[in-house]
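This is a predicted model, so every value here is computed, not measured. Residue numbers run from 1 in the order of the sequence given.
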Amino acid sequence: MASCFPRTILLVGSPVIVISGSHIQIIDEETGNVLKSTLDSPSEVKDSLKKSGPIRSAVLDPSKTHLATLADDKLLKIWKLDGLELLHERELPKRPTSTVFTDDGQTIVVADKFGDVFSYPLHPEPTPSKETQPEATSERNPQADPEHTRQPEPSKSTSGSVAEPSNTTTDLNPDPTSSQPSQSQNSKDPNPEPEPEPEPKKAKRRRKPKGPKKPENPPVPRDSLVSHAATSGTLILGHTSLLIACLLAKDEKGLNYIVTSDRDEHIRVSWYPQGYVIESYCLGSTQFISALHIPSFQPSVLISGGGDKSLMVWDWLSGKLHCEIVIWDKVEKFVAVKVKPYKRKENGNVKKAREGTELSEGVDMEVEGDSTPDAPVLVDEPEEEKVLVVQKITTSESQDGKRWILFSVVGATALFVTAYPQSTDSGFSSSAEIQTIDLGKPVLDFTTDEKGLVWACVDVNWDGPSEDLSSIAEVSPEDMPERSKKILETLNSKSHLIPATTEEIASLDLYSTLQTLPKNRGDEDGEGGDTPAGVAGPVPKYTRPRQGPNGGKKEKGKLKSKQAVRKALEDGPGEVSGEEREVKRPKADSENENDSQGVPMNI
């Protein structure tokens, strides 16, 4: 069976939207038929999607008429669901990480990897054409450009009237830099000698650039508060770290806020759109925060998750931490995707210290004769380990009033459900056990519908293609509605799965966040796993590297001196004459002996 694109993003509603790689499919909620697909789009749209790469984020506006998608090409694309028409696309300054629509559906808020949040109108403003633009006037200095030198105006008398022409001859080409009248006008000599004409100044030749280098982003003035310019966006706020998630919220008074989280354990609550006004911080995390969620039934609460071993429940307006829900003990055994531990790049001194080895006492080394190279030492590669990255958090409320928290973890083969913390007079309390729904393959996305059904997308290519190509797993009671069953059959039908090559599957990079979001774990030597993430381990002391497989000439000379000293000590002290006692030892021998003992020596 050939490989196919897995369902990476699922939006269940009216209609149902499924994203597989760079392709979009719209499914009718009533019949379960595929209404529109980008496979049927015009050739120029197909080429644009192929160049864009896999879609990383997709969001619907509140009216469910427009779809915004983000891919690896830094293009914000707006689709009209009626007919799946690509309305327009705009280039973003940096690679986006998260996006959300405002309540009116007319503004799109985008967070990027540079740490900034920009807002863009749903439809970009039309740019004026060249015909409607006014002609640009030259602002060059007339004295610096001889071609645009203004001609002198007729002279005026002191009374303000125009002077009458005189019988004297006038110079038709006066020097513009001279304010004095010419000598031919004031001289009474009838035959004056003509003055030599000034030599024209040679125009400076400008060097042509070898090749115009188009910068990635236009330059920004030094006094600007914007780190990078956006062609059609408005800066809302900025972080000093990589932004991962953002969402919009409202308080009891209806005031708008924006909640953002980054890789440096920060959750910031700011005004919207006045993002420069910070309302509060939710501090207490020790790792990155990759998922944020505000329950619809309790909008004053924020649930966050990321690299910490627990979910955190906050009062986001005040920044108070209500409680923590420990998840790692239950999640760890379901994490199927492992990655190699992060190894920080070494600078020059650390690399030299690692390559060099210090000669120890009592090591025999062949001094005379040709030295044979040592056999290569096989270094064991670090074993792959499990990394916790919370992918998505959502809440659900059943008809009987029970409230649940559902979340997924990157690379885990199960969905996780736990009871919503209960609010008491003393605060929130969470003692419920975490339940798991094992799906057998890594979960890529999940969502809940209005009826309380949970839909999950799994990686169909995990551990190689198989005959079981069910890309949507049913996580619902047996008595699910007939319409939902039709949608499930359509999603799992082999005829609607989009084939893909091995290179296209590899380009999806579904589990890249396991390596990009966590900071360095452990110390330089790969040991000391208790070292907190983001804290560098001990740096080894710098030592001079050995030259060659058995050391250089200096190392061999030192070793020879050490062996001679050791042999003299083993043989015992012999009879030494008084003259020999008074002879001062050479400085080189003193240094060699000092090196052999490892004790500093003052000279």
**OP:** Check the pair S280, K320 against side-chain hydrogen bond (donor to acceptor under 3.5 Å, both in side chains), reporting the backbone distance first and the verdict last.
**Re:** CA-CA 9 Å; S280 63; K320 178 182 178 182; over 6 Å; no
**OP:** Verify side-chain contact (heavy atoms from CB on, under 4.5 Å) between L237 and F118, making sure each step is shown before the conclusion.
**Re:** CA-CA 7 Å; L237 57 88; F118 285 88; over 6 Å; no
Original post:
Between I498 and Q25, does a side-chain contact (heavy atoms from CB on, under 4.5 Å) hold up when you go through it step by step?
Top reply: CA-CA 10 Å; I498 303 174; Q25 292 176 321; 4.1 Å; yes
**OP:** Mind running salt bridge (charged side-chain N to carboxylate O under 4.0 Å, His left out) on D264 and K519 for me, showing each step along the way?
**Re:** CA-CA 9 Å; D264 286 344; K519 296 183 179 179; 2.6 Å; yes
**OP:** Please report the C-alpha distance between D103 and K250 in whole Å, then the side-chain angles of each, then the deciding distance to 0.1 Å, and finally whether the salt bridge (charged side-chain N to carboxylate O under 4.0 Å, His left out) criterion is met.
**Re:** CA-CA 11 Å; D103 291 340; K250 288 188 176 183; 3.2 Å; yes
**OP:** List the steps and the verdict of side-chain contact (heavy atoms from CB on, under 4.5 Å) for E324 and L311.
**Re:** CA-CA 6 Å; E324 297 185 21; L311 300 180; over 6 Å; no
**OP:** List the steps and the verdict of side-chain contact (heavy atoms from CB on, under 4.5 Å) for Q435 and T418.
**Re:** CA-CA 6 Å; Q435 304 175 12; T418 184; over 6 Å; no
**OP:** Could you please spell out the steps behind the side-chain hydrogen bond (donor to acceptor under 3.5 Å, both in side chains) verdict for S304 and W314?
**Re:** CA-CA 8 Å; S304 67; W314 309 83; 2.9 Å; yes
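Note that CG of D262 is 7.5 Å distant from CD of E265, once rounded to the nearest 0.5 Å. In this structure, the separation between OG1 on T260 and CD1 on I267 is 9.0 Å, given to the nearest 0.5 Å. To the nearest 0.5 Å, atom CD1 of residue I258 and atom CG of residue L248 are 5.5 Å apart. Rounding to the nearest 0.5 Å places CG of N461 at 4.5 Å from CD1 of I505. In this structure, CD on Q298 lies 6.5 Å from OG on S423, to the nearest 0.5 angstrom. If you take OG on S119 and CD1 on I236, they are separated by 3.5 Å, rounding to the nearest 0.5 Å.
For the pair I244 and S290, the tightest heavy-atom approach, listed with the atom from each and the gap, is CG2-CA, 3.6 Å. The two residues A111 and L243 have their closest heavy-atom pair at CB-CD1, 4.0 Å. Nearest heavy atom pair, residue L81 against residue I26, reads O-CD1, 3.7 Å. Taking all atoms of both residues into account, the shortest heavy-atom contact from L76 to L70 is CD1-CD2, 3.5 Å. Shortest non-hydrogen contact noted between I434 and V326 is CD1-O, 3.2 Å. When all heavy atoms of I325 and V313 are compared, the closest pair comes out as CD1-CG2, 4.3 Å.
Distance alone, capped at 3.5 Å, places no donor-acceptor pair between the T395 side chain and the I294 backbone. Distance alone, capped at 3.5 Å, places no donor-acceptor pair between the R403 side chain and the S398 backbone. In this structure, the side chain of S22 does not engage the main chain of I55 through any donor-acceptor pair within 3.5 Å. A donor-acceptor contact shorter than 3.5 Å links the side chain of D112 to the backbone of D116. Distance alone, capped at 3.5 Å, places no donor-acceptor pair between the T447 side chain and the L11 backbone. At distances below 3.5 Å, at least one donor-acceptor pair connects side-chain atoms of T99 with backbone N or O atoms of V109. Listed for the D308 side chain is a donor-acceptor partner under 3.5 Å among the backbone atoms of T286. Looking only at distances, a side-chain donor or acceptor of K386 sits under 3.5 Å from a matching main-chain atom of E332.
Inter-residue side-chain proximity for Q391 and V409 is flagged as unmet; no heavy-atom pair is nearer than 4.5 Å. No side-chain heavy atom of Y276 sits under 4.5 Å from any side-chain heavy atom of W271. V337 is not listed as a side-chain neighbour of L510, based on a closest heavy-atom distance of 4.5 Å or more. Inter-residue side-chain proximity for H239 and R268 is flagged as met; some heavy-atom pair is nearer than 4.5 Å. Using a 4.5 Å heavy-atom threshold, the side chains of V259 and L302 count as touching. P421 places a side-chain heavy atom less than 4.5 Å from the side chain of C323. Taking 4.5 Å as the limit, every side-chain heavy atom of W316 sits out of range of all side-chain heavy atoms of V301. L87 places a side-chain heavy atom less than 4.5 Å from the side chain of H123.
Using modelled atom types, one finds no donor on one side chain facing an acceptor on the other under 3.5 Å when comparing T436 with D438. Side-chain N/O atoms of S241 and H266 include no donor and acceptor closer than 3.5 Å. Side-chain contact check for S396 and K402: no donor-acceptor pair (N or O, by modelled atom type) lies under 3.5 Å. A donor-acceptor contact closer than 3.5 angstrom links the side chains of T102 and D104.
Checked for salt-bridge contact, D445 and R7 miss the test: no charged N lies under 4.0 Å from a carboxylate O. Electrostatic pairing of D72 and R56 counts as a salt bridge here, judged by a charged N lying under 4.0 Å from a carboxylate O. A salt bridge does not link R95 to D73: none of the charged nitrogens lies less than 4.0 Å from a carboxylate oxygen. A salt bridge links E433 to K330: one of the charged nitrogens lies within less than 4.0 Å of a carboxylate oxygen.
For NZ of K50, the number of neighbouring non-hydrogen atoms (other residues, nucleotides, ligands) closer than 6.0 Å is 12 at most. A 6.0 Å sphere centred on CD of Q274 holds more than 12 heavy atoms belonging to other residues, nucleotides or ligands. Other residues, nucleotides and ligands contribute at most 12 non-hydrogen atoms within 6.0 Å of the NZ atom of K113. In the displayed structure, D82 atom CG is contacted under 6.0 Å by at most 12 heavy atoms of other residues, nucleotides or ligands.
Annotation: cation-pi pair K392/F446 present, NZ/CZ under 6.0 Å from the ring centroid and within 45° of its normal.
Annotation: F407 is in aromatic contact with F416 [ring centroid separation under 6.0 Å].
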